[in-house]
Amino acid sequence: MAVPQRLPPVVRQLASDRLGLARAAQTKRSRQLKARIVDADRVVQSICPYCAVGCGQRVYVKDERVIQIEGDPDSPVSRGRLCPKGAASEALVNSPKRESRVKYRRAGSSDWEYISLEQATDMIAERFIKSRRESWEQEDDEGHPLHRTLGIHFLGGATLDSEENYLIKKFFCAAGALSIENQARI
Amino acid sequence: MSVDDGRAATWEGNPVRSYHEQPVLKKPIWTWEIPTYFFTGGLGGASAGLAQLAELQGNGVLARRAWTTAAAAAAVSPTLLISDLGRPKRFLNMLRMFKVSSPMSVGSWILVAAGTCNATVTLNAWTGALPRLRQIAAPAGALLGLPMSTYTAALVANTAVPAWHEARRELPFVFASGAALSAGAAALITTPPAYAAPARRLALGAVVCEMVSSMMMEHRLGEHARPYKEGLAGKLGWARRLSMVAGAAMLHRRGESSHLAAAGAGSMLLAGALAKRWQVFRAGVQSATDPGNVIGPQRAAVERGEGHGAVRR
Amino acid sequence: MGSNMAEQHPVGFQWVLEAKERGAKFIHVDPRFTRTSAMADLHVPIRAGTDIAFLGGIVNYILEHDAWFEDYVRHYTNAPVIIKREFHDTEDQGSYADVPPDLRPAGLFSGWNPDDLAYNVDTWGYAGTSVELGAGKSEQQADVSGEQAHGAHGMELEHGEPPELDNTMRDHHCVLQLVRRHFARYTPEVVAGICGCSPDHLIAVAQALCENSGRERTSAIAYSVGWTHHTISVQNIRAASIVQLLLGNIGRPGGGLLALRGHANIQGSTDIPTLYNILPGYIPMPHPVSHPTLDHFVELNGPSTGAWGNLKSYMVSLMKAWWGEAATPENDFCFDHLPCINGDHSHYAMMMRALDGGLKGMFCVGQNPTVGSANTKLMRLALAKVDWLVIRDFQPTETATFWKDSPEHDSGEVRTEDIQTEVFFLPCAAHTEKDGCFTNTQRLLQWHEQACEPKDDCRSDLHWVYYLGKAIREKLRGSEDPADRAILELTWDYPVKGAHREPDAEAVLREINGTGPDGNLLASYEELKDDGSTTCGSWIHCGIYGDGVNKPARKRPRSEQNWIAQEWGWSWPKDVRILYNRASADPAGRPWSERKRYVWWDPDQGQWASLGDSPDFPGDKSPDFVPDSDAKALEAISGDKPFILHPDGRAWMYAPSGIVDGPLPTHYEPQESPFKNVLYRQQKNPTRQLFSRPENPYNPSGSDPGADVFPFVLSTYRLTEHHTAGGMSRSVPYLAELAPEMFCEVSPALAQERGLTHGDWATIVTARAAIEARVLVTQRIKPLTVHGRTTHLVGVPFHWGGVGIVTGDSGNELLSVALDNNAHIAEYKVATCDIRPGRRPRGRGRLELVEEYRRRAGIAS
Amino acid sequence: MTLDVRQWSATYGADSKPRMGFFTDTSICIGCKACEVACKEWNQIPTSIQGFTGNSYDNTIALGANTWRHVAFVEQRLPAGVEEGASPVEASARAQAINWGVQTYQEGDGLRWLMASDVCKHCTEAACLEVCPTGALFRTEFGTVVVQEDVCNGCGYCVAACPFGVLDQREDDGRVWKCTLCYDRLKDGLEPACAKACPTDSIQFGELAELRSRAERRLDQLQSAGQRRAQLYLADDENGVGGAGAFFLLLDDPEVYGLPPDPVDTTRDLGSIWGATAAAGAALALGLAAAVFGGRG
């Protein structure tokens, strides 16, 4: 029979749980415990960033912060399951090791310095144009058209979205910086 | 060696299969305070008994000193227990419930009761207050002293540690004789020889009982007695034996005539009692962390058909 | 085979166990006994680098026991095709003038040009086709990758049929007989000698495959970098294709050749390629000599028959998507805006260029070459010569900090102040902080929705490249330089949203999908035109945003659809889930069997029907359709030809073009091997791409003097617990603790031979570097007997590096750069090394140890 | 002393739920450790790097305060006797189509790599629960055993009482921690994190009764496929802990995985322990009396 929970456990146990092994020992916190994802602000369906199986993930967000990432039971590919890396996605996204500010190393310097994102974009654009101009090849030595530069090399892509790959290929081709490569060949 | 499935773990001399020779059980997390508490708890419990009986016999000098010893032990014991806790500030949670299935829960309530009795007696002895209450507190304290000196044996016996659990029938007697020995020895130190005859008898008797009960325990334990004889536990065992024998001899020869000799004997006997508690504690730790000690006997029991049916083919 | 699915694709592996529960046999062939092998019914250990010998043995078994699927092979593959009489196989004595004839065959195909180290491929073609393979160059330029050399997608075939066929497949020069003779010597005993396995094992594997193939049953082969990380990588996969084609397992449910790809979007980053040699949809990049104009380009690269027959409409639509109004018929739709390639401009070639001071700037976006690439010391030396380096990653990786922390700093070879490279580190957004889609290993594009905004300076790579492009276009505004027109005329204006003005990924996806004349979103690549009226960012993705629906973002729960689950995500082309699934029906359009029904011809509807997948075949083309003689593109494909990307609709058991190192797979020893090639005089893949320079020394191999200095086989691999170069796992607490320290795996026999102690340290040495690793002595690594000699394997996981919660030496320090010339992929999976007890020397001592080994091996320092 | 411990559900009355538990089928465990990570991530457990242990691929050593799921790795060389699941090579030599069984070994090298995900057993007769003096440990409405972090004062008695060595004290926290069978997730009808993540469904969560029948069927299937040493561990009520909330299908003896072959709840002997303690107390009383009154005064 229900025993008023405000009584101290030692009294509660006399009423209905003499050995004190079950409800009598339960605290208010335990009674009102709930899963932290129940009151998440929103749930988003996503895909694991690690390997190419493409497991479905559910991302729970509260106060604009990812509080949990677990498998997406709707996915016909993974049926709600994840591997250790996929299960660690929340720890990846919230890893203390993650850097969130732009850093710059001056030529010859022995340490980083912080610069703004805008400044970095401008400096990189300058260098891109300068290097492109310096190493531009309009034609080969027999006059065949090249209109390219091999002075700039881009590496990366397999961890990027297809849309990102598309814009990178589009822009770098237009710029003649055709040497772009990614892990597909690694 | 991960290559094969574990060879180093042994039981009764032959190899036992284990998981990379990893222990099955966890090492008890208790630290130095606990074996020390076993000692002070026994000392306090038996001293209260001695004091009450001495009072009944009219030996006020011995009684007062024994009560003081009991009160001192009753004061030290809780501080030891609380400091050993992972979260000392939550020590009152010990009284959150009364669980008959937990010797530590029962023990905590006993300790509180005995503590208040001793405190009452001591308060009365120093200030004369609460005389009527003292009349009840004294015998109650003495009676509570009995379980206080032995529940600690029940506590360690009621664990999965083979060296403790298999000794569950003898350990209480070892702890009881240890407690008696401590009380006697303490009284030898605090009480002039003229009034300390009971203490001398108690100490000598307790030494004998302690030796006998320990031997009986180790004999009945058979292979499980190994942890008591090996490593640090073994060394502590020898230290106990030496100090007890020396203490008893000194007490027997000159205990009656010279208070100094009696005190010397008493302190050696006290040291012996403490060493015994440390030996028992240490043996438990060594027993828990040796996979052969846990798997061997269980596998043998299963092979003999005396297992409890954990596995079904 | 060539993969380790339980460890590298654990959640995908549930389906293997599901099949096992229904009685499927699961076989793992791998040099090591891994967690995949633990679940296998049979594990066959073979020597690393001998996969073609093993697969050749299976082909030999299939043909000797007449276990091949005759109807399938006759109608759907080019087995009946007669090949030019001038073609000579590797099994002939060959025409080595200067080399005394050894009893062994030469091991070279006809057309070998030793000066160019390349093949002249004319003699490989179908009998009756013109000598010139299409209008392009006949001589394959060694420096140009396969696609360019002689037509990416097959040669010209008038009205889509090979000129000479023998449907009985008994003609001496028909493909089937060529294959039979090519693998005739790959008997179980010979293969066992090369691979180090027992003949019984090969028989058991071959028998299992044969028993489980045919009308009623299909077998699947899954591979990964275990096959692609070799100097013979493409031929490994070709060999498995021949096995699967002989057994009729391609295009059918439960069959196929599944590439288990290692990154979330590796498939996507080759479909819409951040690769130098192809445009979106596997269209080759233009070549300066072969493709002066668009029409030349189309003629050489697109045979008139088969899906590639519409290459011009795909190409024009792409250029309209990129340059919009500026692309007009008059200027060949800005065909001259595209840069041309005339050699290998891939990662390793560019690193060699950097070493020679020819590289000014470099971007590393989500890639960590100083741990992930081969010969990581060479990578660092190259990076030091680059003027500016931009890194985008979760945290500064080893590549981002090469200038202040590296083995060369410890050994005093390099000083921080001497490295003049400017380095920019830009923090990137995580997959939960941006919209976009990944293409998984089954070509399934799945959308991941942004959960929350990235903080501080973290941005998506879409945001980064978009605003970098805008900044560059801004700075070039008004430039008269014709070279800049391609940038200025680019369509580079996307809607933006959110706090950081993030470009809308869905707008980019719509551009990829392509639009018709009135701007409506197209539904299939068949609607693309070559008159400039349509745009399409990638022809194989046309339809991904069909009728305004973001198909990859479809998330219809699996409980509401069948196992094909076609309303979850989208796969190219036209949402086909099993490619070439027309092959799951017999030539007359009937399912091969009720059990394996998948796609079949429904005579009443006059349509191809299926269990729920899109038919990979023109919907209303009946099985008995015969194309008229001048039909073009898909009209030229007859009703019983499933492989619509090829000019003749047949699967290529024999590859007449598109491959630089031979029409048939041949066993060659790896670049570094303790053994001689016993099958042929030619020891290693003749067309493999080497870089002989001081920073890239090769261990002496086979019977060369000094080969015994590096007697053991070295193989690198990954673990479940970490991710490639460790950037996404060694900085994640819960993964770092699962595998905290660099270790190597050796057999008890090797441990005894070299005095290695389990749990202690060992130093592994090659001509490139010396690294230290904890020792895991395990029976799972089995010493193999090869040519009567015991050979040992040293297993080296390559995840560790100098930065992160857990650190250690990088396995890839040990490797050399030796590439397969088709794909320019390096040989990570097999090399030779020595191993010795104890930790490696510190500081200068480490370099001296390597130099001592070089001296003993006779390598110039 | 036999405490009737099974009356826990009565104490919850209407709130009581059917007893939930885990069935871990180690024959399909691929040792990927997703359970270890999913558990630690959900419960935000602190990292505890143990370094390279050399225990095959296991670097987290054992269950403990910071490891509530632990995957064991055992590399075994076993003679591949024909009856132990004939090896396919022998069968192929005999040119016989055979059922190779679920997990066989190869002739000659006979190698086997056992992997198993260990967890708290949530025993029916739980020693930790019974010895806990503060009632920090309690039986939940789901029949699982949970340590309440708002009560535990780190006395450590449960650590010594558990016959499986599951619980342990967390350094610089003082309290004892263990698997809660995701008590918070159960409250909201969610599956525990490890069971949900497990890629091969080696960890199966559900009502204990249903899991037990499923395990029976699985055992028969494996044994008929030639797995002679397949065995169920703690799969019914007739064992030393009166049945467990988390039980296992193993392919070899329990101790090979680090599990005790015959675990017994110490409380079963509590009766005799209290008896001996009382007797000793009495003996002490007699001894004291003898000492005080026995002498010449």
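Letters A, B, ... are given to chains in the order of the sequence lines, protein chains preceding strands, and every chain is numbered from 1.
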Does any part of the side chain of [Y], heavy atoms only, come nearer than 4.5 Å to the side chain of [X], both counted from C-beta?
{"X": "D/D253", "Y": "B/R17", "result": "yes"}
{"X": "B/L202", "Y": "D/L288", "result": "yes"}
{"X": "D/L232", "Y": "B/V311", "result": "no"}
{"X": "B/H165", "Y": "D/D269", "result": "yes"}
{"X": "D/L284", "Y": "B/S149", "result": "yes"}
{"X": "D/L167", "Y": "B/K26", "result": "no"}
{"X": "B/M94", "Y": "D/C155", "result": "yes"}
{"X": "D/D262", "Y": "B/P297", "result": "no"}

Could you report the tightest heavy-atom contact between [X] and [Y], atom names first, then the distance?
{"X": "D/N153", "Y": "B/L85", "value": "O-CB, 3.5 Å"}
{"X": "D/P260", "Y": "B/Q298", "value": "CB-OE1, 3.2 Å"}
{"X": "B/I295", "Y": "D/E255", "value": "CG2-CB, 3.6 Å"}
{"X": "D/A160", "Y": "B/T159", "value": "O-CB, 3.4 Å"}
{"X": "D/T277", "Y": "B/A154", "value": "OG1-CB, 3.4 Å"}

Separation of [Y] [atom2] from [X] [atom1] (nearest 0.5 Å):
{"X": "D/T134", "Y": "B/L92", "atom1": "OG1", "atom2": "CG", "answer": "12.0 Å"}
{"X": "B/N158", "Y": "D/W274", "atom1": "CG", "atom2": "CH2", "answer": "8.0 Å"}
{"X": "D/C132", "Y": "B/M104", "atom1": "SG", "atom2": "CE", "answer": "9.0 Å"}
{"X": "D/L259", "Y": "B/S18", "atom1": "CG", "atom2": "OG", "answer": "12.0 Å"}
{"X": "D/Q169", "Y": "B/I29", "atom1": "CD", "atom2": "CD1", "answer": "3.5 Å"}
{"X": "D/I273", "Y": "B/R169", "atom1": "CD1", "atom2": "CZ", "answer": "9.0 Å"}

Would you say that more than 12 heavy atoms from the other residues, nucleotides or ligands in this model lie under 6.0 Å from the CD of D/Q223, or not?
yes
Heavy-atom pairs under 4.5 Å with chain B - which of [options] has more of them than the others?
{"options": "D/P254, D/A276, D/P261", "result": "D/P261"}
{"options": "D/G135, D/A235, D/G243, D/A278", "result": "D/G135"}
{"options": "D/G64, D/A244, D/P133, D/G174", "result": "D/P133"}
{"options": "D/A62, D/G287, D/A283, D/P263", "result": "D/P263"}

With only heavy atoms counted, which part of [X] is less than 4.5 Å from chain D, the side chain, the backbone, both or neither?
{"X": "B/K27", "answer": "backbone"}
{"X": "B/P103", "answer": "both"}
{"X": "B/V174", "answer": "neither"}
{"X": "B/A54", "answer": "backbone"}

Given a strict heavy-atom distance threshold of 4.5 Å, which part of [X] is in contact with chain B: side chain, backbone, both, or neither?
{"X": "D/V151", "answer": "both"}
{"X": "D/F164", "answer": "backbone"}
{"X": "D/Y233", "answer": "both"}
{"X": "D/A282", "answer": "neither"}

Passes side-chain contact (heavy atoms from CB on, under 4.5 Å), B/H20 versus D/E75? Steps please.
CA-CA 10 Å; B/H20 301 295; D/E75 300 178 16; over 6 Å; no
Counting heavy-atom pairs closer than 4.5 Å to chain D, which one of [options] comes out on top?
{"options": "B/P291, B/A157, B/S108", "answer": "B/A157"}
{"options": "B/M97, B/R200, B/R299, B/Q22", "answer": "B/R299"}
{"options": "B/L155, B/L25, B/V302, B/V294", "answer": "B/L155"}

Assess whether a salt bridge exists between [X] and [Y], defined as any Lys/Arg side-chain N lying under 4.0 Å from an Asp/Glu carboxylate O.
{"X": "D/E216", "Y": "B/R312", "value": "yes"}
{"X": "D/D173", "Y": "B/R87", "value": "yes"}
{"X": "D/D150", "Y": "B/R96", "value": "no"}

Is a donor from one side chain sitting under 3.5 angstrom from an acceptor on the other, for B/Y19 and D/N55?
no
Check the side chains of D/N239 and B/H308 for a donor-acceptor pair under 3.5 angstrom, ignoring hydrogens and angles.
no
Is it the case that the side chain of B/R168 and the backbone of D/S272 share a donor-acceptor pair, with hydrogens and angles ignored and the cut-off at 3.5 Å?
no
Give a yes or no answer on whether the side chain of B/S102 reaches the backbone of D/V131 with a donor-acceptor pair at less than 3.5 Å.
yes
